[in-house]
Amino acid sequence: MIQNAKIHFNEQGTPVADEFDDVYFSNDDGLQESNYVFFKQNRIDIRLQNHDQAHFTIAETGFGTGLNFLNAWQQFDTLEPQRNVNRLHFISFEKFPVARDDLVKALAAWPTVSNYAKKLCASYPIALQGCHRLVFDDGAVVLDLWFGDVAQSIPQMSVSQRGIVDAWFLDGFAPSKNPQMWQPSLFDAMVKLSRRDATVATFTAAGFVRRGLQEAGFMMAKSKGYGKKREMLIGYLPEPSDKQQEKPYFSHVPRTLEKVAIIGGGIASASLVLALAQRGKHAHLFCEDEQLAMGASHNRQGAVYPHLQADYTIQSEMYAHSFLFAKRLYQSLLDEGFAYSHQWCGVLLQAISHTVKERQANIIEKGTWPLPLLRAVNEVEASELAQIETPYSGLYIEQAGWVSPSELTQALYKKSHQLTNTSIQFNTKITSLENTSQGWMLSNGTTCIGPFSDVFICAGEHSDGFEQTASLPLHGVRGQVSHIQASSESQKLATVLCHKGYFTPAHDNLHCMGATFDKNTKSREVTNDDNTTNRQQLNSFYRKQSWNQSLGEIVDAKAAVRCCFSDHLPMVGEMICEKDVDTAFANLRKGKQFGFGELTRPHQGLHVFTGLGARGLCSAPLLAEHFVSCLLDEPRPLSERLNEALHPARFAIRGLLRKER
Ligand code: FAD
Ligand code: SAM
């Protein structure tokens, strides 16, 4: 588990790291030093005027108190009239994250960046390993905070063959105080992440650092140091690494996304539209219903919480980081005045059986998840949190809660529309797609619409409804949620209860109670049988509780179909052609990771974003963000193992590796 930095403040009020016995910055001129050593010596002010991409990426070793980041952000804003870059991307690695209270205290020393510091402190994440993507100023500034030792974090990253980093801030405490970080392996890893002509600047002039960076591939020189310091080092990378970064079968080919069509109308398409809008890309949305969120995203109340296992598994990593990202996004919508019904009232995972109790005990014992994310509560604490009696102990996710999925979907669209001119065409069921020399043409049976450079299919369980996507191995799992009248006693419920299903706090005098799981039908018809099942399930867990006995009638219900894949993971990427994959990567059958052919990509520009299963409210925003980052060749928020686990080629590749194809 990641440990927060243990720090104290010296007599000048400067934060000092106990672990390294070194100051984070000099209190006299730390901000100016940061600007001189890292920003100016990387010539970022000049390079922002004539950059070859819409985004510029800085990577830093040692986030510390974030002063370098805040300075870069401020400079980026100040340089707005001169620059041709519209997004600043800042990646920073931090082994011992400064705790939020310490961060607030440390940054109070810098009034000239206080506006930026306030935003950083408000979004600053908990000490969980992996990448925390923080989005500021409607996407103009993005911070990827990788918590963990830089030596372990870089190998986890999903990086395109073209590299991602334009400028390195090689910080970290002095090499003499932190020799473990200043290793040749770090310099090699920096080269792996760098784009051609990437630059590096570091405060140290140590000979072994200069030689190490040179051996890795950088051309290095000495420069005048800041203030009283005589020298520092600067350099650039004339040739990017030619080492294979990506597995060719799990790569993403960049797109310009100049004319985008989206087929959908639920939380997946809403999240995608926003990720595009934050990059100035507008989308044309086609929805078969008369309004948004009439499919799976139409419940009255959906729970937003991560599915966590005892270990840092692929699923847990995806849901934990998705949850933290979604929560920041959903909260920012509220802060900006985009209203939707919700309650951040926590979610209580009830230990309803001996097996669940043991599983929960194992989760706590393993200690994978930091306390602010998840904590164990006994029966008494559980009842206190719930404000009604519950006979079970459990795990409590304090930051979680419920939202109205349809209102949230609409809020996401409104926000996107504020950023770019997103258009929605309702009552338009797209029935076929054609890849023409002009681009993709969409048909609703009577009219041809297009051409589009890119088409995204976010059609839930209907995502396999096109000739090109018919081979998607998805299946639908029908679910029904019943709405039951609250009583004065049940109105007191103050958190979401999760047993086998879920039971929400009352909203407009109704609780949501559910949900059923049925693999054998894709029907959205509400049935009395399912209402009975939901009522019986609640009774079976809370038979003796008077609040349960006092509930009124079921007055309404909603049914929809969850779109799922057999490995319980969503799908994010360009639609593959299985034959194409089989031919290009035939050598995998022989266990060879070389000698591959070229993909012909008959469906290039046709993308799928679906399979969000039973937890789309949690996962959709981060997955959309990752997807768009991949397609625009930006730094990616998901680790490579997640990128591979979500890639549309995964089933075909597994088949080849197992010699089943
Ligand atoms: P959908 O919301 O189904 O959207 C698909 C859209 O595609 C629809 O708008 C549809 O009109 C459109 N469309 C389809 N085909 C076409 C076409 N050919 N042309 C044009 N438009 C088309 N998740 C949680 O996180 N928390 C919960 O508590 C929760 N509870 C759930 C309870 C139930 C009963 C169900 C069914 C699901 C629940 N989920 C929950 C899962 C969550 O609702 C889904 O993961 C999520 O809504 C999927 O969003 P989506 O945008 O992928 O699909
Ligand atoms: N850049 C920071 C700023 O702007 O405030 C100051 C950085 S401080 C001098 C050095 C940071 O490097 C500390 O926060 C420390 O925890 C971090 N660090 C040290 N070794 C590390 C490693 N191996 N991986 C990641 N971070 C490390």
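Just so you know, ligand 1 is whichever comes first in the structure, and atom 1 is the first atom listed for that ligand.
- Within the 6.0 Å centre-distance limit, the rings of Phe90 and Phe169 are counted as a close aromatic pair.
- Scanning the protein heavy atoms around atom 13 (C) of ligand 2, the nearest turns out to be Phe173 CE1, 3.4 Å.
- The backbone N or O of Ser185 lies less than 3.5 Å from no partner atom in the side chain of Gln183, so there is not a single donor-acceptor pair.
- For ligand 1, the 4.0 Å heavy-atom shell takes in Ile263, Gly264, Gly265, Gly266, Ile267, Ala268, Phe286, Cys287, Glu288, Asp289, Gly295, Ala296, Ser297, Asn299, Gly302, Ala303, Thr428, Lys429, Ile430, Cys458, Ala459, Gly460, His462, Phe466, Gly479, Gln480, Val481, Tyr502, Ala515, Ala560, Arg562, Leu612, Gly613, Ala614, Arg615, Gly616, Leu617, Cys618, ordered by chain and residue number.
- Taking the ring centroids of His507 and Trp402, they lie under the 6.0 Å cut-off.
- Between Tyr330 and Trp344, the angle of the ring planes stays under 30°, which puts this pair in the parallel group of the 30/60° scheme.
- Contacts of Thr409 classified as side chain to side chain donor-acceptor pair (under 3.5 Å), with partners at least two apart in sequence or in another chain: none.
- By the 4.0 Å N-to-carboxylate-O rule, Lys177 lies too far from Asp22 to be salt-bridged with it.
- Between Leu412 and the options Leu272, Val273, Leu333, a side chain to side chain contact (heavy atoms under 4.5 Å, CB included) holds for only Leu333.
- The aromatic rings of His132 and Phe147 sit tilted, their planes meeting at an angle between 30° and 60°.
- In this structure, Ala17 falls outside the shell of residues with a heavy atom less than 4.0 angstrom from ligand 2.
- The aromatic rings of Tyr226 and Tyr36 are tilted relative to each other, their planes meeting at an angle between 30° and 60°.
- In this comparison of Asn178, Leu67, Asp171, Asn4, the heavy atom closest to atom 6 (C) of ligand 2 sits on Asp171.
- In this structure, the protein non-hydrogen atom closest to atom 21 (C) of ligand 2 is Met181 SD, 3.8 Å.
- Looking only at heavy atoms of the protein, atom 25 (C) of ligand 2 is closest to Lys95 N, 3.2 Å.
- Where the criterion is an N or O separation shorter than 3.5 Å, residue side chain and backbone included, Asn68 meets it with respect to ligand 2.
- Of the protein's non-hydrogen atoms, Gly62 CA, 3.5 Å is the one closest to atom 11 (C) of ligand 2.
- Ligand 2 has Gln180 within reach: a non-hydrogen atom of the residue lies less than 4.0 Å from it.
- Residue Tyr24 places no N or O, backbone or side chain, under 3.5 Å from any N or O of ligand 2.
- Of all heavy-atom pairs between Ser443 and Gly445, the closest is OG-N, 3.0 Å.
- Here the heavy atom of the protein found nearest to atom 10 (C) of ligand 2 is Gly172 CA, 3.5 Å.
- The shortest contact between atom 14 (O) of ligand 2 and any protein heavy atom is with Glu94 OE1, 2.7 Å.
- Under a 4.0 Å heavy-atom criterion, Phe69 is not in contact with ligand 2.
- In this view, Thr446 and Asn444 satisfy the side chain to side chain donor-acceptor pair (under 3.5 Å) rule, not counting sequence neighbours.
- Between Tyr116 and Trp73, the distance from one ring center to the other falls under 6.0 angstrom.
- Between Val23 and ligand 2, no N or O atom pair is found at a separation short of 3.5 Å.
- If you look at Phe456 and Phe609, their ring centroids are not closer than 6.0 Å.
- Ligand-side atoms of ligand 2 in range of Phe20: 16 (O), 19 (C), 20 (N), range being under 4.0 angstrom from any heavy atom.
- Atom CD of residue Glu60 and atom CG of residue Leu170 lie 10.0 Å apart, to the nearest 0.5 angstrom.
- Scanning the protein for heavy atoms near atom 2 (C) of ligand 2, the closest one is Phe63 O, 3.2 Å.
- In terms of polar-atom proximity, Val150 is counted as a contact of ligand 2, with an N or O under 3.5 Å from an N or O of the ligand.
- A side-chain hydrogen bond (donor to acceptor under 3.5 Å, both in side chains) check over residues 99-111, counting only residues at least two apart or in different chains, returns nothing.
- Residue Ala5 places every heavy atom at 4.0 Å or more from ligand 2.
- For atom 22 (C) of ligand 2, the choice among Leu31, Asp149, Asn71 with the nearest heavy atom turns out to be Asp149.
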